[in-house]
Engineer: 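Quick one: structure below, then a few questions.
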Amino acid sequence: MQSGGTVNGNGVGAGQNAGAENFRDTMSIVSKEGKRSWIYPKQPSGRYYRWRTILSFVLLAFLFGMPFVRMHDKPYFLFNIVERKFILLGTVFGPHDFYLLAVALITGIVFIILFTVVFGRLFCGWVCPQTVFMEMVFRKIDYWVEGDHRQQRRLHESRWTGEKVLRKGTKYLIYAALSFIIGNTLLAWIIGTDQLWTIVTDPPSRHIGGLTAMVVFSGVFYWIFSWFREQACILVCPYGRLQGVLLDKNSIVIAYDYRRGEPRGKMRRGVERTEGDCIACDQCVEVCPTGIDIRNGTQLECVNCTACIDACDTVMEKIGKPRGLVRYDSATAIASGSSRLWTPRVIGYSVVLLLLVTVLSVLLARRSEVDVTVLRTPGMFYQDRPDGRVSNVYDVKVLNKTFEKVPVSFTLEGTVGDIELMGGGLAAEPQGIAESKLLILLRPGQLTGLSTPLTIGVFADGKKLNTIHTSFLGPGVQR
Ligand code: SF4
Ligand code: SF4
């Protein structure tokens, strides 16, 4: 299995320093015997770790709190992929909005590409739920229950004793409880808190599907965070695998300044230092949650967690050197001291993204929750009524994109006349289509010609939904 190495054909991160010669031929998570090699990273500390901790609190509060936020008695966000019901910022989207989903997806993909081309895997280190949960929740439980990285490794390798059973048992019990909460939260994002509460309180036999989803989600999270861990980023994550084609020499990544650091060498007391600034303390490797050495260059396994920056900055402060031997920077900047943000590639993606955002904004602005069409019935002319009035028949179609039944009514605007819905009222079922016929009756004095322009107001529960412009056929102006 190939590990690390060059991330793209431009040679970013390839052989820029004198790191371990065989780092491309081995994986930090696989032992020489081909078995899983457990990683016990040292707990990071430093300015980036502090900022990441604060951000993770905000993100976790959003994740766990948002399913409870409601607007007009509806969830503020809902992603019910099973029933194809979606609510974003309180606005309901359904199967009829597929075209919007397609444009939004393309826009999202172009944004991710552009963001990655410029900022590398910034998302992975700061915002990705896998990293936030793994490094900011579950890893902290490890430190709390089992001690620091050395104590964890010792405990793992030690024979089973009462203390080991107690510590491991406590840890996995907390893991299980947290996984259950995360699994239920995910379910709440999909089906909403009301339905989740019904599943919890009703007899189990009435919600076999919901309970199965609850158990499966909880089980999958438990498996990921207790066993699979960093392998999710290294082996499975498609975004991680795409780095090879998305990054280039100008992308901002977490990089080791080999020009400043090399040749590396230990500090020796009383001996004048002739080497570079890297004192080969391996602190950057000890804190790495994927077990790599950033001095070997940008590698697939690097999730941009910033732990190595914090570790090296602490070392640099201790030995009286400037911070930033490991830092956010581009390969070009490390090599030459300067970097370009607006490369032709970035400009190209930015233009495409701007166009897509414009199209999406226009589509969203023009979108209504209830679409109503009123068209004169094809093949019908006008009818002379016994009371002297003239009538026209129209086909009415109401597309209801909401989750509630929508009763609609029609009013003539700016013209005196009568408007009648054939068959009484018209109401469109949730996410449904309702069709009917509309009869409009005008006195001859209201006609302005063979075709009289008409404006019809469409209302639901007294609230205006739409204004329809159509025409009314008649015998012409009566003199
Ligand atoms: S922490 Fe800094 S000084 Fe220590 S090995 Fe890593 S790069 Fe070198
Ligand atoms: S190399 Fe540094 S930034 Fe990348 S995963 Fe390891 S510690 Fe995090």
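We count ligands from 1, going down the list as the structure has it; atoms in each ligand are counted the same way. Both backbone and side-chain heavy atoms feed into the values below; hydrogens, waters and symmetry mates do not.
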Engineer: Salt bridge check: are Asp329 and Arg327 linked by an N-O gap of less than 4.0 Å?
Structural biologist: yes
Engineer: What are the atoms of ligand 2, with element, lying closer than 4.0 Å to any heavy atom of Cys308?
Structural biologist: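 In order of number, 1 (S), 2 (Fe), 3 (S), 7 (S).
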Engineer: Are the charged groups of Glu135 and Arg52 less than 4.0 angstrom apart, N to O?
Structural biologist: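 Judged by the 4.0 Å cut-off on N to carboxylate O distance, Glu135 and Arg52 do not form a salt bridge.
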Engineer: Pull out every atom of ligand 2 sitting under 4.0 Å from any heavy atom of Asn304, numbered as shown with elements.
Structural biologist: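 So the atoms of ligand 2 that pass are 3 (S), 4 (Fe).
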Engineer: Give me the residue, atom name and distance of the protein heavy atom closest to atom 4 (Fe) of ligand 2.
Structural biologist: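 Looking only at protein heavy atoms, the one closest to atom 4 (Fe) of ligand 2 is Cys302 SG, 2.3 Å.
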Engineer: I'd like to check which ligand 1 atoms, numbered from 1 as shown, lie under 4.0 Å from a non-hydrogen atom of Cys284.
Structural biologist: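 Atoms satisfying the 4.0 Å criterion: 1 (S), 5 (S), 6 (Fe), 7 (S).
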Engineer: Considering only heavy atoms of Met316, which atoms of ligand 1 have at least one such atom less than 4.0 Å away?
Structural biologist: 3 (S)
Engineer: Does only the side chain of Ile292 get under 4.0 Å from ligand 2, or the backbone, or both, or neither? Count heavy atoms.
Structural biologist: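 Looking at Ile292 and ligand 2, just side chain atoms fall under 4.0 Å.
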Engineer: At less than 4.0 angstrom from any non-hydrogen atom of Ile294, what atoms of ligand 2 do you find?
Structural biologist: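 So the answer, numbered in order with elements, is 1 (S).
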Engineer: With a 4.5 Å cut-off on side-chain heavy atoms, are Arg47 and Thr314 touching?
Structural biologist: no
Engineer: If we only consider heavy atoms of Val287, is any one of them less than 4.0 Å away from an atom in ligand 2?
Structural biologist: no
Engineer: Is the distance from the ring center of Phe115 to that of Phe123 below 6.0 Å?
Structural biologist: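 Ring-ring flag for Phe115/Phe123: false, centres at least 6.0 Å apart.
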Engineer: Any donor and acceptor pair, going by atom type alone, linking the side chain of Asp310 with main-chain N or O of Tyr49 inside 3.5 Å?
Structural biologist: yes
Engineer: Atoms of ligand 1 less than 4.0 Å from Cys312 heavy atoms?
Structural biologist: 1 (S), 2 (Fe), 7 (S)
Engineer: May I ask you to list the atoms of ligand 1 that are less than 4.0 angstrom from any heavy atom of Cys278?
Structural biologist: 3 (S), 5 (S), 7 (S), 8 (Fe)
Engineer: In terms of atom number and element, which parts of ligand 2 are under 4.0 angstrom from non-hydrogen atoms of Thr290?
Structural biologist: 5 (S)
Engineer: Where does Arg264 meet ligand 1, judged by heavy-atom distances below 4.0 Å: at the side chain, the backbone, both, or neither?
Structural biologist: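 It is neither; nothing of Arg264 touches ligand 1.
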Engineer: For atom 3 (S) of ligand 2, grab the closest protein heavy atom and report residue, atom and distance to one decimal in Å.
Structural biologist: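 Nearest neighbour among protein heavy atoms for atom 3 (S) of ligand 2, to 0.1 Å: Cys305 N, 3.3 Å.
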Engineer: Could you check, using the six-membered ring where one of them is a Trp, whether Tyr175 and Phe138 have ring centers closer than 6.0 angstrom?
Structural biologist: yes
Engineer: Number the atoms of ligand 2 from 1 as they appear, then name those within less than 4.0 Å of a heavy atom of Val303, with their elements.
Structural biologist: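 Ligand 2 atoms under the 4.0 Å threshold to Val303: 4 (Fe), 5 (S).
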Engineer: Please list, in number order, the atoms of ligand 1 under 4.0 Å from a heavy atom of Asp282.
Structural biologist: 4 (Fe), 5 (S)
Engineer: Salt-bridge test for Arg36 and Glu230: reply yes if a basic N is under 4.0 Å from a carboxylate O, no otherwise.
Structural biologist: yes
Engineer: Could you list the atoms of ligand 2 found under 4.0 angstrom from a heavy atom of Ile254?
Structural biologist: 3 (S)
Engineer: Assess the pair Tyr48 and Tyr328: is the distance between their ring centroids shorter than 6.0 Å?
Structural biologist: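 Yes.
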Engineer: If you have a sec, work out which protein heavy atom is nearest atom 6 (Fe) of ligand 2 and how many Å separate them, to one decimal?
Structural biologist: Cys288 SG, 2.3 Å
Engineer: Hey, is Lys401 close enough to Asp371 for a salt bridge, meaning N to O under 4.0 Å?
Structural biologist: yes
Engineer: Under 4.0 Å from a heavy atom of Cys281: which atoms of ligand 1 are those, numbered in the order shown and with their elements?
Structural biologist: 1 (S), 3 (S), 4 (Fe), 5 (S)
Engineer: Is the distance between the ring centroids of His156 and Tyr40 under 6.0 Å?
Structural biologist: yes
Engineer: Less than 4.0 Å between a side-chain N and a carboxylate O, is that true for Asp277 and Arg264?
Structural biologist: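 Not counted as a salt bridge, because no side-chain N and carboxylate O are separated by less than 4.0 Å.
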